[in-house]
Amino acid sequence: MSKGVTPRSQDYARWYTDVVLKAELADYGPVRGTMVIRPYGYAIWELLQAALDSRFKATGHVNAYFPLLIPKSFLSKEAEHVKGFAKECAVVTHHRLRAAADGGLEVDPDAKLDEELIIRPTSETVIWSMYKRWINSYRDLPILINQWANIVRWELRTRLFLRTTEFLWQEGHTAHATEAEAVEEALRILDIYQDVIETEMALPVIKGVKSESEKFAGAVDTYTIETMMGDKRALQAGTSHYLGQNFAKAFDVTFRDQHNEEQYVYATSWGVSTRLVGAVIMAHGDDRGLRLPPRIAPYQVVIVPIYKDDTRAEVMEEAARIRDSISKNGTRVHLDDRDTVSPGFKFSDWEMKGAPLRVEIGPRDVAQNSAVLVRRDSGEKQNIASANLATFIPPLLEEIQTALFQQALDFREANTHRPQNWEAFKEIIDHGGFARCGWDGESETEAAIQKETKATIRVIPENQDPKGLKCIHSGKPALYEVILAKAY
RNA sequence: CGGGGCGUGGCGCAGCCCGGUAGCGCACCUGCUUUGGGAGCAGGGGGUCACAGGUUCAAAUCCUGUCGCCCCGACCA
């Protein structure tokens with residue numbers, strides 16, 4: 001393995017892959033399009049999971065688990081939903097293998113399933129088949145269930161974390177008595193996503209709603225949070241759908257209201273995935289590797305001891321003492337005691353892995369009762385008395401968290417433009433960035449823009465104001481103000 | 001499914017045109033010296049050259065076939 005990564009400016013896609021592999025976040029799986037999430041990458045996901053899960057619980061949601069295998073017939077019950085997923089489903093057709101003549105294994109033709117099974121691409125259909133059994137009265141509502149699961153979507157073009165054939169996510173599925181309640185739920189979740197992504201991941205988001213062509217198959221409305229990556233492209237970080245009564249009607253889920261009237265249930269579904277790990281990498285990384293926001297860094301502080309044979313004992317003793325003092329207030333700290341690699345290697349290694357702070361401790365520092373503290377985000381070094389480290393570090397981590405958010409926000413603002421005409425628009429899309437402009441609301445216009453520039457409507461922002469705007473493509477009066485960009 | 005390319009130690013490649021029994025970098029192992037920005041030196045281990053058949057005294061190299069993979073065009077968090 002060579003040193004360093006491909007510079008971002010040279011080849012952003014390769015830089016990204018280099019970082020994922022060299023920071024040991026993930027590796028390619030044996031089946032095309034699959035990936036192994038390695039311990040360090042999984043640790044980031046676990047921190048995100050915890051941040052999300054506690055917020056879900058705090059708003060009344062509970063976790064459950066539904067089966068991986070879905071009868072094929074279920075998927076076809078909601079017309080739009082089938083259309084959306086049919087082209088990327090893995091199908092289970094048999095349930096047994098047998099010894100083959102060549103000594104290997106083959107599918108036993110006698111073990112063909114009567115009804116083929118789909119490996120879930122999302123769980124609306126299984127879940128609503130169950131909700132039908134569980135919902136009879138308004139007294140059974142709302143149901144606020146979330147599940148942490150893996151799903152499979154047979155993707156043609158895959159990229160580690162961003163788009164893989166199998167991925168991990170959470171999917172919430174709620175059932176409500178009224179439209180207002182369901183819409184409120186979808187928006188509440190969007191707020192939670194925004195909070196987690198901005199507070200924990202230090203990544204500013206744009207909240208809003210998707211256009212007709214970009215929304216989830218089977219939804220009435222899809223709410224989204226969009227983020228800008230380091231190459232100025234947009235990344236959809238999470239979506240929350242108001243499903244109306246579409247699934248209730250498809251699965252015949254009704255309840256008796258207070259007046260003994262039979263009503264269809266109103267639904268939402270919402271999810272974020274391991275794609276978020278990819279977002280952190282692309283939004284904050286630099287040519288030295290990953291830069292993790294402290295709140296989701298597996299190790300917030302890494303201690304690198306520097307010693308020779310004759311100084312090893314005293315340095316390690318002091319390093320361990322510093323580690324213990326830092327961890328006392330809950331900071332996640334790691335003492336890198338590997339004897340087989342040099343300190344210089346460890347510096348680079350932990351920079352690649354994005355640890356927010358590094359403490360260097362060698363004989364000189366031991367003698368002075370101090371340590372060298374290095375920030376990953378800025379590279380800034382300072383000497384600090386060992387006794388002060390434990391109290392100095394927590395506020396510094398907060399400062400780094402804030403600095404990363406601010407950098408990402410400044411970057412997004414600097415690369416968000418309001419073109420006044422088509423030529424200017426094309427220029428912006430060509431150079432990369434968000435274009436905020438008017439749209440006449442026609443899907444034909446949207447398609448034409450995409451065809452000519454590869455840009456899509458990422459979001460109709462919640463604070464949009466089309467007054468006085470003209471459609472950037474057709475020139476007609478704008479119905480919406482939208483964010484257009486090339487996307488992942 | 002249409003167009004282009006590649007299969008050689010774990011990874012990245014050279015060798016192929018012009019047949020002569022396999023090499024380089026990284027990684028790995030051992031030892032010594034090192035350790036404050038990806039250590040140095042010395043030694044060492046590891047390859048059915050994708051597979052099958054053919055030509056030849058001799059095939060990684062030439063011929064035929066098969067398989068696999070990657071890249072580019074219609075979907076998606």
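Just the heavy atoms: all of them, side chains too, but no hydrogens, waters or symmetry mates, feed the values below. In what follows, every chain begins at residue 1, and chains take the letters A, B, ... in the order their sequences are listed.
- Across the strands present, rG53(B) finds its partner in rC63(B); the criterion is a Watson-Crick or G-U wobble pair with both atom distances under 3.5 angstrom.
- When heavy atoms are screened at a 4.0 angstrom cut-off, Lys210(A) is found touching no nucleic acid atom at all.
- Residue Glu351(A) has its side chain nearest to rG37(B) when only rC75(B), rG36(B), rG37(B) are considered.
- Of the candidate nucleotides rG38(B), rG36(B), rC76(B), rC76(B) has the atom nearest to the side chain of Arg153(A).
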What's touching nucleotides 1-4 of chain B from the protein side, N or O pairs under 3.5 Å?
none

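- Residue contacts shown for Thr456(A) are absent, as no nucleic acid heavy atom lies under 4.0 Å away.
- Shown here are the side-chain contact (heavy atoms from CB on, under 4.5 Å) partners of Arg188(A), two or more places apart in sequence or in another chain: Thr59(A), Glu184(A), Glu185(A).
- Residue Ser342(A) has a polar side-chain atom (N or O) positioned under 4.0 Å from OP1 or OP2 of rA39(B).
- Under 3.5 Å, the side chain of Arg288(A) and the base of rG38(B) form no donor-acceptor pair of N or O atoms.
- Tyr307(A) comes within contact range of at least one nucleobase, with a heavy-atom separation under 4.0 Å.
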Can you give me the N/O atom pairs linking the protein to nucleotides 40-43 of chain B at distances under 3.5 Å, or say none if there are none?
none

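- Within 4.0 Å (heavy atoms only), Gln236(A) reaches sugar-phosphate atoms of the nucleic acid but no base atom.
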